[in-house]
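All values below come from the heavy atoms of this structure, side chains included, with hydrogens, waters and symmetry mates left out. Note that the coordinates shown come from a computational prediction; the quantities given were computed from them, not determined experimentally.
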Amino acid sequence: MGFLSKLFGKQEEQVQELVLSSYMKGKVVEITEVPDPVFAQKMMGDGFAVEPENGKIYSPVSGTVTSVFPTKHALGLLTENGLEVLVHIGLDTVSLEGKPFEVHVSEGQKVAAGDLLVTADLEAIKAAGRETSTVVVFTNAAAIKSVTVEKLGQASAKTVVAKVEL
């Protein structure tokens with residue numbers, strides 16, 4: 001233990017900050033504004049959402065694709081510093097059985113922030129009576145010190161919108 005940690009009775013901690021890009025063009029909103037209680041009440045974790053203008057979904061972080069759901073509506077990413085990221089395309093879209101989604105990555109693949117992950121047919125999602133809101137959730141809440149959404153409102157893809165401290 002260092003002098004300061006003895007003095008203040010705390011372990012010295014190393015804080016890691018991770019910058020997240022918008023993963024699609026559209027309106028960035030707080031996760032609490034998502035019209036789905038599981039996301040809005042942060043039951044899955046903190047994060048943010050985008051009301052999309054087009055169906056191109058890019059990776060918000062660099063990391064490894066840990067899972068691609070069989071229904072193609074969601075995928076998991078893991079960053080090198082241990083942040084677990086869930087990208088969930090649309091709300092209640094699991095029932096669409098993957099039809100409006102074209103996945104461009106596979107499990108185990110390394111991706112860089114800004115790489116194209118999925119192309120979604122937003123019109124088909126709307127025609128099925130589903131919301132197109134796309135959510136990014138950090139699922140390992142215990143490892144996260146803070147999530148700060150720095151840019152709300154209109155954003156183009158690949159622009160910085162949030163920071164996470166681990």
Side-chain angles (χ1 to χ4, degrees), residues 18-79 82-105 107 111 113-126 128-144 146-166:
L18 190 63
V19 176
L20 284 99
S21 301
S22 174
Y23 44 90
M24 58 195 325
K25 184 178 182 183
K27 181 183 176 190
V28 179
V29 297
E30 296 277 1
I31 197 164
T32 54
E33 293 180 31
V34 174
D36 181 313
V38 172
F39 292 119
Q41 295 172 20
K42 301 182 182 180
M43 291 179 201
M44 304 266 311
D46 205 347
F48 61 98
V50 175
E51 301 295 336
E53 286 184 18
N54 66 47
K56 296 203 179 293
I57 296 103
Y58 300 95
S59 182
V61 295
S62 293
T64 303
V65 178
T66 55
S67 62
V68 176
F69 287 58
T71 49
K72 304 177 188 174
H73 76 288
L75 50 88
L77 302 166
L78 179 65
T79 67
L83 182 66
E84 295 172 3
V85 181
L86 173 70
V87 178
H88 192 282
I89 306 158
L91 303 176
D92 198 25
T93 48
V94 67
S95 61
L96 302 179
E97 301 173 339
K99 291 180 182 87
F101 308 107
E102 181 185 351
V103 178
H104 304 287
V105 294
E107 289 183 17
V111 294
D115 284 356
L116 183 63
L117 300 175
V118 177
T119 303
D121 183 342
L122 299 182
E123 294 311 312
I125 294 169
K126 290 175 190 172
R130 305 294 188 269
E131 293 275 341
T132 58
S133 300
T134 299
V135 186
V136 162
V137 180
F138 313 114
T139 55
N140 56 336
I144 297 170
S146 70
V147 175
T148 308
V149 179
E150 299 193 328
K151 178 169 179 31
L152 293 171
Q154 203 57 35
S156 43
K158 306 179 188 181
T159 57
V160 173
V161 295
K163 289 188 179 167
V164 176
E165 281 188 1
L166 298 173

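- Note: I57 CD1 to M24 CE = 4.0 Å, rounded to the nearest 0.5 Å.
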Trace of the side chain to side chain contact (heavy atoms under 4.5 Å, CB included) decision for E33 with S133: CA-CA 10 Å; E33 293 180 31; S133 300; over 6 Å; no

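- Among all heavy-atom pairs drawn from S95 and R130, the shortest one is OG-NH2, 2.7 Å.
- Evaluation of the side chain to side chain contact (heavy atoms under 4.5 Å, CB included) rule for N140 yields L83, E84, A143, I144 as partners, not counting sequence neighbours.
- From M44, atom CE reaches atom CG of L86 across 5.0 Å, with rounding to the nearest 0.5 Å.
- Heavy-atom minimum distance, V160 versus K151: O-CB, 4.1 Å.
- Taking each heavy atom of S156 and T159 in turn, the nearest pair found is O-OG1, 2.8 Å.
- The heavy-atom pair separating A49 from V34 by the smallest distance is CB-CG2, 3.5 Å.
- Of the inter-residue distances, the one linking L117 atom CG with S59 atom OG reads 5.0 Å to the nearest 0.5 angstrom.
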Could you go step by step and tell me if T32 and K42 meet the side chain to side chain contact (heavy atoms under 4.5 Å, CB included) rule? CA-CA 7 Å; T32 54; K42 301 182 182 180; 4.0 Å; yes

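- Side-chain atoms of S62 come within 3.5 Å of backbone atoms of A113 as a donor-acceptor pair (strictly under, hydrogens ignored).
- Applying the side chain to side chain contact (heavy atoms under 4.5 Å, CB included) rule to K27 yields the partners V29, E51, Q154; only residues at least two apart in sequence or on another chain are considered.
- In this structure, CD1 in I125 is found 7.0 Å from OG1 in T134, a value given to the nearest 0.5 Å.
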For the pair V118 and K72, evaluate side chain to side chain contact (heavy atoms under 4.5 Å, CB included) and give the outcome as yes or no after the intermediate values. CA-CA 8 Å; V118 177; K72 304 177 188 174; over 6 Å; no

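- Taking CD of Q41 as the reference point, atom CD1 of I31 lies at 11.0 Å (rounded to 0.5 Å).
- Looking only at distances, a side-chain donor or acceptor of T66 sits under 3.5 Å from a matching main-chain atom of G76.
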What donor-acceptor contacts under 3.5 angstrom involve side-chain atoms of residues 87-94, with partners at least two apart or in another chain?
from: H88; atom 1: ND1; to: G90; atom 2: O; distance (Å): 2.8
from: H88; atom 1: NE2; to: H73; atom 2: NE2; distance (Å): 3.4
from: T93; atom 1: OG1; to: I89; atom 2: O; distance (Å): 2.7

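- In this structure, NE2 on H104 lies 2.5 Å from OG1 on T119, to the nearest 0.5 angstrom.
- Here the closest non-hydrogen pair linking P60 and V136 is CG-CG2, 4.1 Å.
- Closest approach of G55 to L122, counting heavy atoms only: N-CD1, 3.7 Å.
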Any chance you could lay out the side chain to side chain contact (heavy atoms under 4.5 Å, CB included) test for D115 and Y58, step after step, and finish with the verdict? CA-CA 5 Å; D115 284 356; Y58 300 95; over 6 Å; no

